[in-house]
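One structure is given here, and the rest of the page talks about it.
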Amino acid sequence: MPRRADILLTNAIVLTMDEALRTFDPGAVAIQDDHIVAVGPAEDMNTGLAVGEVIDCQGKVLMPGLVNAHTHVPMTLLRGLADDLRLDVWLMGYMLPVERQFVSPEFVRLGTLLACAEQIRSGVTTFNDMYYYEADVARAAADAGLRAVCGQTIMKFPAPDAPAFEDSLAAAREFIREWRAHALITPAVAPHAPYSCTPEILRASAELAVEFDVPLHIHIAETSFEVENMRRENGMPVVPYVKKLGLLEAKVIAAHCVHIDPGEMRTLKHAGAGVAHNPSSNLKLASGFAPIQKMLESGLAVGIGTDGPASNNDLDMFEEVRLASFVAKAASGDPTAVPAATALEMATRIGAKALHIGNLTGSLEAGKRADLILVDISTAHNSPRFRRNPGNAYAQLVYAAKSTDVTDTMVNGKWLMRDRQLLTLNETDLLAEARQIAQRVDSFLMEREQSVLSKLIALGGSMEAESFEVQVKVRVTDPDVVAEAMRKPEIEVTAFKHYRQYDEYFLFENERQGRLRFREDDLINDGGEVANVRSRLTLIGQQREGSLAGDVSLSRSRYLAPAAHTLRFYREYFVPGTLVTIQKDRRRWHVRYQDTEFFVNLDTVEQPDLGHFLEIKSRTWSRRDAERKADLLGRLLALLGLSGQEVVLRDYLELASGSSGAGLEEREGTVKRT
Ligand SMILES: [Zn+2]
């Protein structure tokens, strides 16, 4: 027993959360400086100890502060920005464009301070973070007085804080060097995920972590989609893949691990890696159920995390602990899985071990840092209380208590909240600043959402290419006769291709937005098989630009981009009012006729069944050129034996809508060419 202490917390229900799960009721904890010097029954501790300050805890629960094992704290500023979306639409459509525009050191600092206020209030004393400008996250966390493992993000895409991964790697090295002796901050390197990093980035990150003996924080096997891709591309699941690249040489913190098998669990255990389980995030994003009971049985240290507040949407660890227990029970069909005490261990001692700082925090034991909280369990929703089974205290905390029952929070021997008053942060100011940022983000997105074009541009990676073309289209009764006519000597065929084309038209309520076409082109080879598939997006202006002699029309295509995402992605991102599907077989000739290039398309529209058409088109750049080409188009039609044929002024979409009544405005009909 030590002789003296600065603070004695006494008359508490002490849950030490140590390996033996010792409890003392009434119990006491003695603190000297930044660490705990003694823990035990109150009556033993009240005598023979010179104490600076005695605090009567009035029968509250005194326990270690909670460890939030995985989060992205600055995203508090994006909380509630976009929800109920699939991961790719949420990330590519909203988070990344907004982050590219707004994330700065100031943004990160404000978001972190806000997150610290929320976490101190809800009894979190340590969090494990991954974001951009992580040195600013560290500075803000240290200013707020919280303990944190701060991982500088590294990935293959340009990030808000680094144009290339070499820059973030250099920043991570600098950050680690600067912060590694700090009392509260454990710097770390955070390659985002195997799918967002190259093998080179993963190797370099592992080497950096090993060189400085700091943790390496990474997302692993979050979705089954990720695992399927990994198997297809590298012939193995995610854990063996990162092991092959030397990642497991480092002190790994693997976030999620929703889809790992028993062999991967053994590999992680053998490497001494920690796992961060995120039940809310996994439920909200429908990622699946992590096999945490099996992981715990295999001896893995599994902590619990909230994940970022944009995908949760809060940093409430009481809620996460409860869900960790409930989800494990529901997913395994076994109500004895992950009992309350185990869930609470995961959020304290085991969580700290998963972060590789189990020597510092996670339980109330002499020698560990004084990271602790007081919880008032005398309220109606916590009452009454039974003492028959010592496990009742854990059940009470996990199944009934709320984060708002936390009254006091101490980190490293320093009070951050007393009697629900925050001592290191001005919450009113932080909330006011956050509202201002939210307004700016709101107007940025509202402006963007006003037009399909700006939403398309926001996705990045596309190109603007306005083009004009002259075009004539006629109905054809026998396509083979036309195909035969293409052999005429006046027509020089420079290329021929056969496609099956699948078009999805997105129509919007405001017709001035234009129409977005997602086209999949399946190139058919001579053997009639699909040789190549490509897809692209075209934003088409609603208005025809005009018509020329001989019913030749001039049209404008406003925007063209390779389709980097799936049709499903674009459907969920653009949310069109109406969708129209058109499927056709297209034979396409590139020809030269009278020194001018034309595309000749012989189409059979199969869905809806519209019949056969011949389209002749040519790119144009001036009115004069368009008029010259219009004349040539007429002559080409005659050469193919199609003059006098019915000219169709409507495009396939309009013809389809006319026949299916899909709500398009009725336009000019077909006219007889004279
Ligand atoms: Zn995450």
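By convention here, the first residue in the shown sequence is residue 1. Start at 1 and go down the list; that is how both ligands and their atoms are numbered. These numbers were taken from a predicted model, which means no experiment stands behind them. Atoms considered below: every heavy atom in the structure, side chains included; atoms not considered: hydrogens, waters and symmetry mates.
- Listed by chain and number, the protein N, O or S atoms at a distance under 2.8 Å from the Zn ion (ligand 1) are His70 NE2, His72 NE2, His219 NE2, Asp307 OD1.
- For the pair Arg232 and Tyr195, the cation-pi test (distance below 6.0 Å, angle within 45°) is failed.
- A donor-acceptor pair shorter than 3.5 Å can be found between the side chains of His72 and Asp307.
- Side-chain atoms of Asn68 and Thr306 include a donor-acceptor pair closer than 3.5 Å.
- A 4.5 Å side-chain heavy-atom check between Leu315 and Thr76 finds at least one atom pair inside the cut-off.
- For the residue pair Asn312 / Glu320, a side-chain donor-acceptor distance below 3.5 Å is found, with atom types taken as modelled.
- A 4.5 Å side-chain heavy-atom check between Glu264 and Pro237 finds at least one atom pair inside the cut-off.
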